[in-house]
Amino acid sequence: MARPEDLDPVLAELATRVTKALEAAGLPGAEPDFERPRQPEHGDWATTVALRLAKPAQRAPRDIAQAVVDHIELPAAVQSVDIAGPGFVNFRLSHAYFEDVVERIVAQGDRYGRRQRDEGQREMINIEFVSANPTGPLHVGSGRWAATGDSLAALLEADGHGVVREYYVNDAGEQVRRFGESIVLVARGELLGEDHYKGEYILDLAREIRLEFGDDFFVAGDGIHFPEDAHITGELSAQRVRERAADGPHDTGASGMVEPTLAAKVGEIGVRKMRDRIADVLRDMGVEFDVWFSERVMHDSGAVEQTIDELREKGETYEQDGALFLHTTAYGDDKDRVLVRSDGRPTYFAADCAYFRDKWQRDHTRLIYLLGADHHGYVGRLQAAARSLGIPEDRLEIRIGQLVNLLRGGEPVRMSKRAGELVTLDEVIEEVGSDVTRYHFLRQSLDSMIDFDLDEVVKQSMENPVYYVQYAYARINSLVRTADDRGFAHGELDEADLGRLTAPAELELLRKLAELPEVVAEAAELLATQRLTRYAEELASSFHRFYTECRILPSDDPDASSSTTLLDTTDEERAAAEALGRARYWLAVAAKQVLRNVLDILRVSAPERM
RNA sequence: GCCCCCGUAGCUCAGUGGAUAGAGCACCGGCCUCCGGAGCCGGAAGCGUAGGUUCGAUUCCUACCGGGGGUACCA
């Protein structure tokens, strides 16, 4: 459990002092907990230790709180302490503490908010996400996992861990053959069956492969040739594709047969092409995977057989009806799972096991899976598989995210790859942009279903909160540019008198800036990106208020202030105003840095101008 | 049937046992002679229902109501 006192030496010291105060008062020892009060009047930190101790100590909470206050020696950075409500002990930090925060932010730059961990504390985390089958383009729903997984990875890095972003490519087995068959049939202008993949992209692939490998590529042994006029064929096929898709379940099946070896070959080529396209779209979204793990390669290497052997040797398996089962119920699964079918072919589940083994052997200390709710049924068997392979229970974390509800004008749009009726991620990115799309997904909890109404998102893109945050950043950049243009003498940070920052808006912003390290730690622990987006919005809000209420640069308009101020202003007052301006300038610079650091973790761009 | 997620303001959502439950959108009323109005300030409005645990419950437990998803020798 991340505790705020682990992140802040001042708070750690305060915790020690509270413990000592309890001892000095003759009260039972207790770990004081700290939380940030909602109301600013309640100070910067509060502990409920008096409330918790009331029962074991047999004393009224307020009495205990009073005893703490009477006996505590406050650290220098803590200005005051008082008791409130039923027995809260509230602490207020000194202004010097916040001045120090500004200095730390400017000194640490990009590192502010990030955690440095010792070797022993640092994990090597593998996070697997998206992993959509490479038999079709990514749809909008996958965008949620792309955005969330990538930002979680950045978040865990910020929390001081090593992270590997991984995509498991299901490029083996029956579906690849069927995928290849679909391409061949379309290339030949034949009808597709109910189980075939449909959609314009199949036609595109057929064209592409024909161009690359030549007209004869799709020639079948029985004399069926790839039609000479590709254009006409294409139109025909596309039309038929649509008809068949609309036809639905009473489909009678494909009009032609495809040789298994050709289907496999074409499937392999098609999958490779689709994988590249998927990688392109993800890159457009700013997501770069470290590892594209091929299931086929794993099969070819014999790793699946080895894993099955290993499981057999460990006594985790048994045979029944000619099939080999993994005894997953021993680890809480609903039913035992088949590893090898009675016909000798390994199941996908066997590959999943082998994949686990591979990942674990690559020296990861923690495995995270980000899965959609449609895969919820897999959790039990995946957990069991990991345990069977000797991966400790707490080293595997499977996070289920609720699905994205794709709408268009309030009407549901089906997202079925086979039916070919899907709205692809690249279309959406092109239409509304990567930042808006990402932020939209990152803003909500994984537990909540997201409505993605294409019409609404396009309409609302200008009022998306991401612009609110980015605007704050652009605004500060503009301020800095203007300061430079006018030759504003902001001096160095250590020359600025930050003690002058005492206006409510200034204090609010200072407090908010100080929160980042703990927001990062909490978000990382909970794997919750929405903690970061909320913080970003709060920070932007604090800045906007500060900017509105607190003039930073001196007015460039001599007439503007001449009538009253210039005449009445003494040198002393003018010097004070200048000093305040310099302090505010550095506060704005610190805010800019923190906004940038948050946006970096969200992996949303921080524009200098908008 | 069993399992998982959700139910918080008119709408979309935050809030991992603490004090007076917060944002955005929408609505109403204000705010720039000057650093970016994509902004700021103010107003109205809410924890599905019923029990339980606790000093304290939106949060944890149970039941019920309502919505979504999952339950293959599929891939």
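Of the candidate nucleotides B:rA14, B:rG18, B:rU16, B:rU16 has the atom lying nearest to any side-chain atom of A:Arg531. In this structure, of B:rA21, B:rC35, B:rC73, it is B:rC35 that holds the atom nearest to the side chain of A:Thr482. Closest to the A:Asp447 side chain, of the nucleotides B:rG15, B:rC73, B:rC5, is B:rC5. Closest to the A:Arg551 side chain, of the nucleotides B:rU20, B:rC73, B:rC34, is B:rC34. Relative to the side chain of A:Arg481, the nucleotides B:rU16, B:rG36, B:rG24 differ in distance, and B:rG36 lies closest. Nearest nucleotide to the A:Ser478 side chain, out of B:rG36, B:rA75, B:rU12: B:rG36. When each of B:rC55, B:rA14, B:rA19 is scored by its nearest atom to the side-chain atoms of A:Phe88, the top-ranked nucleotide is B:rA19. For A:Lys335, the listed nucleotide lying nearest its side chain is B:rA72; candidates were B:rC55, B:rA72, B:rA19.
For the P atoms, the distance from B:rA44 to B:rG29 is 15 Å, rounded to whole Å. Look at the P atom in both B:rU8 and B:rG68: the space between them is 15 Å, to the nearest Å. On the P atoms, B:rC4 is 34 Å away from B:rA23, given to the nearest whole Å. Separation of the P atoms belonging to B:rA57 and B:rG17 is 14 Å when rounded to the nearest angstrom. B:rC25 sits 41 Å from B:rA63 when the P atoms are compared, rounded to a whole Å.
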Could you pull out the protein-nucleic contacts involving nucleotides 64-69 of chain B (nitrogen or oxygen on both sides, under 3.5 Å)?
residue, atom, partner, partner atom, Å
B:rG69, O2', A:Ala373, O, 3.2
B:rG69, N2, A:His376, ND1, 3.3

Could I get a table of every N or O pair under 3.5 Å where one atom is in the protein and the other is in nucleotides 38-41 of chain B?
residue, atom, partner, partner atom, Å
B:rG39, O2', A:Arg475, NH1, 3.1
B:rC40, OP1, A:Tyr468, OH, 2.5
B:rC40, O4', A:Thr548, OG1, 3.2

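By the 30° and 60° cut-offs, the orientation of the rings of A:Tyr318 relative to A:Phe325 is parallel. In this structure, A:Phe91 and A:Phe34 have tilted ring planes: the angle between them lies in the 30° to 60° band.
One atom, CZ of A:Phe543, and another, P of B:rA23, lie 19 Å apart when rounded to the nearest Å. Atom P of nucleotide B:rA75 and atom NE2 of A:His196 are separated by 15 Å, given to the nearest angstrom. Taking atom CD on A:Glu181 and atom C1' on B:rA75, their separation rounds to 14 Å, with Å as the unit. Rounded to whole angstrom, the span from the CZ atom of A:Phe441 across to the P atom of B:rU12 amounts to 17 Å. Per the geometry, CZ belonging to A:Arg534 stands 8 Å off C1' belonging to B:rG24, to the nearest Å.
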Please assess A:Tyr167 against A:Phe293 for the test ring-ring contact (aromatic ring centres under 6.0 Å, His included), listing each intermediate value before the final yes or no.
CA-CA 6 Å; A:Tyr167 190 119; A:Phe293 194 90; over 10 Å; no

Please evaluate residues A:Arg52 and A:Asp33 with respect to the criterion salt bridge (charged side-chain N to carboxylate O under 4.0 Å, His left out), reporting the C-alpha separation (whole Å), side-chain torsions for both, the decisive distance (0.1 Å), and the verdict.
CA-CA 10 Å; A:Arg52 295 175 196 283; A:Asp33 55 308; 3.4 Å; yes

Under the criterion salt bridge (charged side-chain N to carboxylate O under 4.0 Å, His left out), I'd like the reasoning laid out for A:Asp44 against A:Arg36: C-alpha separation, chi angles, the key distance, then a yes or no.
CA-CA 6 Å; A:Asp44 296 299; A:Arg36 285 190 188 273; 5.5 Å; no

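Not counting sequence neighbours, the partners of A:Phe441 by the ring-ring contact (aromatic ring centres under 6.0 Å, His included) test are A:Phe452. Annotation: side-chain hydrogen bond (donor to acceptor under 3.5 Å, both in side chains) contacts of A:Ser434 (sequence neighbours excluded): none.
The stretch residues 337-347 of chain A participates, sequence neighbours left out, in these salt bridge (Lys or Arg N to Asp or Glu O under 4.0 Å) pairs: A:Asp333-A:Arg337, A:Asp343-A:Arg345.
With a cut-off of 3.5 Å on both pairing distances, the Watson-Crick and G-U wobble pairs of RNA chain B assemble into stems of 3 or more at B:1-7 with B:65-71, B:10-13 with B:22-25, B:27-31 with B:39-43, B:48-52 with B:60-64.
How far OH of A:Tyr535 is from CG of A:Leu595: 8.0 Å, rounded to the nearest 0.5 Å.
With the nearest nucleotide of RNA chain B identified for both A:Trp45 and A:Ala528, A:Ala528 has the one nearer the 5' end. Of the residues near RNA chain B, A:Gln39 and A:Phe325, the one whose nearest nucleotide (by heavy atom distance) lies more toward the 5' end is A:Gln39.
Across A:Glu506, A:Lys512, A:Glu508, A:Arg511, a single residue satisfies side chain to side chain donor-acceptor pair (under 3.5 Å) together with A:Ser542, and that is A:Glu508. Checked against A:Val428 for a side-chain contact (heavy atoms from CB on, under 4.5 Å), the options A:Leu138, A:Thr437, A:Val436 give a single hit: A:Thr437.
A donor atom on one side chain and an acceptor atom on the other are found under 3.5 Å apart for A:Asp435 and A:Gln470. A:Tyr348 and A:Asn170 are not linked by any side-chain donor-acceptor pair at a separation below 3.5 angstrom, with hydrogens and angles left out of the test.
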